[in-house]
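Step one of this worksheet: look at the structure below.
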Amino acid sequence: MSFLLPIFLFLVGFFPNPAFCENAVSSMRFELIHSDGPELLGTAIKPENRLKHFRELVHRDFYRKKMVSEMLGRRRRATELSGDGNSFAMPMSSGAYARTGQYFVRFQVGTPAQKFLLVADTGSDLTWMNCRYRCRNCTNPGGRRRRVFHADSSSSFSPVKCSSAACQRLPFSLTTCPAPESPCAYDYRYADGSYAKGIFADESTTVTLSSGERVKLKGVVIGCSSSFDGSSFRAADGVLGLARSNHSFAVKATDHAGGKFSYCLVDHLSPKNASGYLSFGSATTPSDCKSAMQHTRLLLDPLLDPFYAVQVTGISVGGILLPIPRVVWDASSQGGVILDSGSSLTMLAEPAYRAVLSALSAPLMAFPKVDNKPFDFCFNVSGGGYKEDLVPILAVHLDGAARFEPPVKSYVIDVADGVKCIGILSASWPAISTIGNILQQNFLWEFDLHNGRLGFEPSTCGP
Ligand SMILES: *[C@@H]1O[C@H](CO)[C@@H](O)[C@H](O)[C@H]1NC(C)=O
Ligand SMILES: *[C@@H]1O[C@H](CO)[C@@H](O)[C@H](O)[C@H]1NC(C)=O
Ligand SMILES: *[C@@H]1O[C@H](CO)[C@@H](O)[C@H](O)[C@H]1NC(C)=O
Ligand SMILES: *[C@@H]1O[C@H](CO)[C@@H](O)[C@H](O)[C@H]1NC(C)=O
């Protein structure tokens, strides 16, 4: 039960900053490393391999999309049915989706701290890592190169008991309980066939504050995974759960960091040594108080858990609002939009997709067309004459008069030397639309969970 204790900070790190900014608090910061970075794959992506790379991304995005839709679809149908008073329980062993996060953080767990590289995923609620606990004949599922959390060597590791109420509330916990003191086990299944199995525990994690100070967060629920498999875990030791759920690291950590977390994603094709960051606490520092941050409401409807949904009011291209039926943006009906760090490409529900594709491609018809599935519009620019200002400005209008205008390179993407594509996909209809991490690049995104607000502003993701 001790996992219910709030996170406690050994060092008081989250003082309001007395400097210039009202809301500035000292924040904890993690470097966000792209999966194509040197630490993970050894080399940046060569131009001739880009198309293959995008096809892999799209493939994984579709798996993830399918799972998100299934999760939300089931709940939506459940509420429609609940008129007669029937309650509805989600099957806990099959609700996970493939996390295809492309950004990683270094994470320290245990006492003394052991270091891991985890996928940062706003769609996952469980934080877990490759781990061994009271294990004699274990093999390392990840192979020799994978880091292992040796739980027995951590003095702060405390398994959640399977007889506890906490165990029942944890996501994907199993009902098997051989003895009251046995650890609470989970079996996390993902849509793409990946899985992670292990036991839940209370642990301490060590984080570094923006001041450089290291603090310990106690009472964090982690998963000690004794086995796992799946292509999405190829490069990581586990997953850092940033979803909107009571058990996620993000929610626990932000409770003690002003209610906010933020991240800034660098271009996924950027130089190897470039990195963005993930931070807990306010995104504003005294030096950028007068920031250009815009805000919109986060939709905190339990039906949308654990995703971060926003209310889109329209999309304009070249300053002209596109004729897209409102129902496409309505999360309480069959549409809606989520912001997802674990999806790469943006997928728009078919009616929105058609309108956007046609408006964006109109001025690009002069270039020779290239066939490059799964993208519907690719063109050859090797003959010259292409300039970014030929592409009309895409703007996503959000509730509260906020307007998200990503840079052109985030939606007209380079898939090969001399070939560009409109890098948005169709999500069919009815469907929830997803703003993926490529469209989110070069922006700072601040999730204010206490106030139910999403802030964003252009950023180079620098220090
Ligand atoms: C460990 O593995 C060895 C050989 O594979 C086997 O003989 C032994 O019984 C195993 N021990 C346990 C505790 O499983
Ligand atoms: C999450 O915690 C809040 C506040 O403690 C509670 O009201 C809510 O029911 C919890 N949600 C779930 C899914 O347990
Ligand atoms: C990345 O490397 C390039 C050259 O390899 C260098 O010019 C640049 O300053 C480096 N950037 C960072 C953030 O280290
Ligand atoms: C693009 O056009 C050039 C000629 O301008 C041609 O040589 C090249 O093969 C074309 N590339 C593709 C992918 O069609």
Side-chain angles (χ1 to χ4, degrees), residues 34-38 40-65 100 102-103 192 231-232 234-235 265-274 315 317-318 322 343-350 352-396 405-428 433-442:
H34 197 266
S35 67
D36 307 320
L40 297 157
L41 294 181
T43 46
I45 294 175
K46 295 194 181 76
E48 62 269 29
N49 294 333
R50 274 190 206 148
L51 183 58
K52 187 167 158 274
H53 164 74
F54 277 114
R55 285 189 175 139
E56 281 172 14
L57 293 185
V58 169
H59 182 71
R60 288 184 297 175
D61 283 354
F62 272 107
Y63 268 121
R64 186 175 175 101
K65 176 80 204 166
T100 51
Q102 293 297 299
Y103 292 86
D192 63 354
S231 62
S232 12
R234 213 167 32 190
L265 307 176
V266 290
D267 190 327
H268 71 295
L269 298 175
S270 65
K272 294 195 272 185
N273 57 357
I315 291 186
V317 169
L322 302 178
S343 294
S344 298
L345 289 138
T346 290
M347 290 195 199
L348 296 177
E350 180 69 14
Y353 173 74
R354 284 293 148 208
V356 168
L357 185 74
S358 126
L360 282 179
S361 59
L364 302 169
M365 292 295 184
F367 295 97
K369 262 196 101 169
V370 180
D371 216 15
N372 259 337
K373 285 295 164 213
F375 300 107
D376 284 331
F377 189 89
C378 298
F379 54 105
N380 189 338
V381 295
S382 42
Y386 175 79
K387 289 188 308 243
E388 280 199 344
D389 31 352
L390 288 175
V391 181
I393 299 292
L394 172 78
V396 180
E405 272 185 25
V408 169
K409 66 171 178 154
S410 296
Y411 54 94
V412 177
I413 57 178
D414 280 319
V415 301
D417 265 346
V419 179
K420 291 180 185 287
C421 296
I422 293 179
I424 295 176
L425 301 170
S426 168
S428 74
S433 299
T434 310
I435 297 180
N437 63 38
I438 294 178
L439 207 64
Q440 294 173 38
Q441 285 162 8
N442 296 113

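Each ligand, and each atom within it, is numbered from 1 in the order the structure gives. Since the model is a prediction, treat every value here as computed from it, not as a measurement. Count residues from 1 along the sequence.
- Classification of the F367-Y386 ring pair by plane angle, with boundaries at 30° and 60°, yields perpendicular.
- In this structure, atom 14 (O) of ligand 4 has protein heavy atoms in its sub-4.0 angstrom surroundings.
- The shortest distance between side-chain heavy atoms of K420 and F375 does not fall below 4.5 Å.
- Against a heavy-atom cut-off of under 4.0 Å, V419 is close to the following atoms of ligand 4: 13 (C).
- By the 4.5 Å heavy-atom criterion applied to side chains, R354 and D376 are counted as neighbours.
- Of the protein's non-hydrogen atoms, the one nearest atom 8 (C) of ligand 4 is N380 ND2, 3.7 Å.
- Using a 4.5 Å cut-off on side-chain heavy atoms (C-beta onward), I315 and L348 make contact.
- Ligand 4 lies within reach of S382, whose nearest heavy atom is under 4.0 Å from it.
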